**Q** 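Supplied in structure tokens, the structure appears directly below.
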Amino acid sequence: MTQAVAVTLLTGFLGAGKTTLLNHFLRHQADASVAILENEFGAANIDGALLEGGEGISVVELSNGCVCCNVRGEFRAALADLLARRTAGELKFERLIVETTGLADPAPIIQTFFVEEELRDALRLDAVITLADCEHIARQLDEHPVAAAQLGFADRILLTKTDRVDEGTREAAITRVHRINPRAQIIDIVQGECPAELWLDLDAFTLSDELGLSPGLNIVRAGRQGFEAFSPLSAQPRSWHDAISAQLFEGGELDLKRIGAFMEQCIDQHGNDMLRYKGVLAIGGEPRRLIVQGVHKVAGFDYGSPWGEEIPRSKLVIIGRYLPVDELRAGFLQTQE
């Protein structure tokens, strides 16, 4: 059976630096065998013409629309066409990068890889990478709900243009972005200079036992990396209120039927507002961790590694908007044995 092609979804608001990141990748990966699916809102795809493609690079452009709305059919057809040309030997690529327009909500794009049967086995969504323009992210979040959605869906966030702002603006941007999505690692980069290993081959959609909040910021400069710890979110004042935020639910050992009913109810009633969620749950009488992971109403469940000597403890993180948090927290606690 042919191995599924890894897909990286590259998103971020207009001008965040997606094309700059891609060009840095292409310049430093001379042997890359990659297809890039470009989308731009408008009749002319300017970004595609700006990519510095080489022999192993195939660029496919979708124009005059947005892959998340009126040309979703074209998006699915483009993916199917890429796979057919690969099978026929017309194109050779080992990975696919989908760069969305800065106006795109990632949700329907992500769901395409899980609900379309003809694509599900051939393509494996690896991760959602969101770029955030430090210079303009505050205004974008205030004025455009899709900017927060792009951050909420991210597995990794690349903070760009930090060299163009003062320290106060940078700190405020980091704090706000981290509050929206504390699960995603944030990486401070300049001019698209980010090592490929920091945003490719992350296996973010593989069910795993890991469920941690990002402890700090990675800083990449001239190929070198540094680390800057985050301040506690509870200690940080704010003068803004974003509809999207992350909520952590914690408990002890849970009853399997009750937690199953709770998750089913959550997904049914609030799935449209649950952007990303993941849980590592302790089930009474079960030595293994129960892993749950989902996007909106598309969810997966599986058992992971055994608890061993570790005290079983249940944790569920939901990144969502307009959720009845107190009601959900009470319901979660009622699933305990």
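Please read all numbers here as calculations on a predicted model, not as lab measurements.
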**Q** Test your reading of the model: is there a side-chain donor-acceptor pair from N181 to the backbone of A184, 3.5 Å cut-off?
**A** yes
**Q** For the backbone of G12 and the side chain of T130, can you confirm whether one donor and one acceptor N or O come within less than 3.5 Å of each other?
**A** no
**Q** Do the non-hydrogen side-chain atoms of L82 and V5 ever get within less than 4.5 Å of each other?
**A** no
**Q** If you measure from CD on Q247 to CE on M274, what distance do you get to the nearest 0.5 Å?
**A** 11.5 Å
**Q** According to the interplanar angle, ranging from 0 to 90°, do the rings of H178 and F230 count as parallel (below 30°), tilted (30 to 60°) or perpendicular (above 60°)?
**A** parallel
**Q** State, with a plain yes or no, whether a side-chain heavy atom of R321 is found less than 4.5 Å away from one of D273.
**A** yes
**Q** List the steps and the verdict of side-chain hydrogen bond (donor to acceptor under 3.5 Å, both in side chains) for D166 and T169.
**A** CA-CA 6 Å; D166 58 39; T169 301; 2.9 Å; yes
**Q** Report the distance from atom CG of L281 to atom OG1 of T335, rounding to the nearest 0.5 Å.
**A** 8.0 Å
**Q** For residues A132 and I157, report the shortest heavy-atom separation together with the two atoms involved.
**A** CB-CG2, 4.3 Å
**Q** Within the side chain of D126, is there an N or O that forms a donor-acceptor pair under 3.5 Å with the backbone of L202?
**A** yes
**Q** Taking R289 for the side chain and P306 for the main chain, is one N or O donor matched with an acceptor at less than 3.5 Å?
**A** yes
**Q** Which heavy atom in D255 sits nearest to a heavy atom in E337, and how many Å separate them?
**A** N-CG, 3.7 Å
**Q** Is I180 reachable from L316 through a run of I, L, V, M, F, W or Y residues, each pair having side-chain heavy atoms under 4.5 Å apart?
**A** no
**Q** When rounded to the nearest 0.5 angstrom, what is the spacing between NE2 in H28 and CG in N23?
**A** 11.0 Å
**Q** Quick check against the 3.5 Å criterion: does D209 have a side-chain atom that pairs as donor or acceptor with the backbone of S305?
**A** yes
**Q** Strictly under 6.0 Å, is that where the ring centroids of F205 and F113 end up?
**A** no
**Q** What about L151 and I318, same hydrophobic cluster or not, with Ile/Leu/Val/Met/Phe/Trp/Tyr joined at side-chain heavy-atom distances under 4.5 Å?
**A** no
**Q** Between R76 and T112 (side chain of the first, backbone of the second, donor and acceptor by atom type, cut-off under 3.5 Å), is there such a pair?
**A** no
**Q** Find out whether I36 and L26 are in side-chain contact, i.e. whether some heavy atom of one side chain is under 4.5 Å from a heavy atom of the other.
**A** yes
**Q** State, yes or no, whether a side-chain contact exists between P106 and T100 at a heavy-atom distance under 4.5 Å.
**A** no
**Q** Considering the options Q150, R276, R156, which one meets the side-chain contact (heavy atoms from CB on, under 4.5 Å) requirement together with V128?
**A** R276
**Q** Check Q111 against V295 and note the closest heavy-atom contact, atom names and distance.
**A** NE2-O, 4.2 Å
**Q** Taking a hydrophobic cluster as the set of Ile, Leu, Val, Met, Phe, Trp and Tyr residues connected by side-chain heavy atoms closer than 4.5 Å, whether directly or through intermediates, do V298 and L9 fall within one such cluster?
**A** yes
**Q** Do R95 and D201 have side-chain heavy atoms sitting under 4.5 Å apart?
**A** yes
**Q** With distance as the sole test, does K18 use its side chain to make a donor-acceptor pair with the main-chain N or O of T101 at under 3.5 Å?
**A** no
**Q** Is C266 close to F332 at the side-chain level, that is, under 4.5 Å between some pair of heavy atoms?
**A** no
**Q** So among D188, T175, D163, which one has a side-chain contact (heavy atoms from CB on, under 4.5 Å) with R170?
**A** D188
**Q** List the steps and the verdict of side-chain contact (heavy atoms from CB on, under 4.5 Å) for F153 and I319.
**A** CA-CA 8 Å; F153 280 107; I319 298 174; over 6 Å; no
**Q** State whether the side chain of Y277 and the backbone N or O of H296 hold a donor-acceptor pair below 3.5 Å, judged by distance alone.
**A** yes
**Q** Does L217 belong to the same Ile/Leu/Val/Met/Phe/Trp/Tyr cluster as V190, with side-chain heavy atoms less than 4.5 Å apart forming each link?
**A** no
**Q** Is there a donor-acceptor pair under 3.5 Å between the side chain of R329 and the backbone N or O of L248?
**A** yes
**Q** When rounded to the nearest 0.5 angstrom, what is the spacing between CG in L131 and CZ in F13?
**A** 13.5 Å
**Q** Are L119 and L83 side-chain neighbours, meaning at least one heavy-atom pair lies under 4.5 Å?
**A** yes
**Q** Nearest 0.5 Å please: distance from the NZ atom of K297 over to the CD1 atom of I267.
**A** 9.5 Å
**Q** Check the hydrophobic clustering (I, L, V, M, F, W, Y; side-chain heavy atoms under 4.5 Å; chains of links allowed) and say if F249 and V280 are grouped together.
**A** no
**Q** Please give me the minimum heavy-atom distance between L37 and A78, naming the atom from each residue.
**A** CD1-CB, 4.1 Å
**Q** Just how far is it from atom CD1 of I283 to atom CH2 of W307, taken to the nearest 0.5 Å?
**A** 9.5 Å
**Q** Can you confirm whether Q265 is buried at CD, in the sense that more than 12 heavy atoms of other residues, nucleotides or ligands lie under 6.0 Å from that atom?
**A** no
**Q** Do T162 and I174 touch side chain to side chain, with heavy atoms closer than 4.5 Å?
**A** no
**Q** Let me see the working for T160 and E135 under side-chain contact (heavy atoms from CB on, under 4.5 Å), right down to the final yes or no.
**A** CA-CA 8 Å; T160 65; E135 190 175 16; over 6 Å; no
**Q** Which atom names give the shortest non-hydrogen contact between S33 and F93, and what distance separates them?
**A** OG-CA, 3.0 Å
**Q** side-chain contact (heavy atoms from CB on, under 4.5 Å) between I189 and H24: does it pass, once the steps are laid out?
**A** CA-CA 12 Å; I189 67 171; H24 180 270; over 6 Å; no
**Q** Give the intermediate values and the outcome of salt bridge (Lys or Arg N to Asp or Glu O under 4.0 Å) for residues D142 and R176.
**A** CA-CA 11 Å; D142 289 342; R176 193 168 179 182; 2.7 Å; yes
**Q** For residues I291 and S208, report the shortest heavy-atom separation together with the two atoms involved.
**A** CG2-O, 3.2 Å
**Q** Between L21 and W199, is a side-chain contact (heavy atoms from CB on, under 4.5 Å) present by the stated rule, with each step listed?
**A** CA-CA 10 Å; L21 174 73; W199 61 282; 4.0 Å; yes
**Q** Short question: side chain of R183, backbone of D155 - any donor-acceptor pair under 3.5 Å?
**A** no
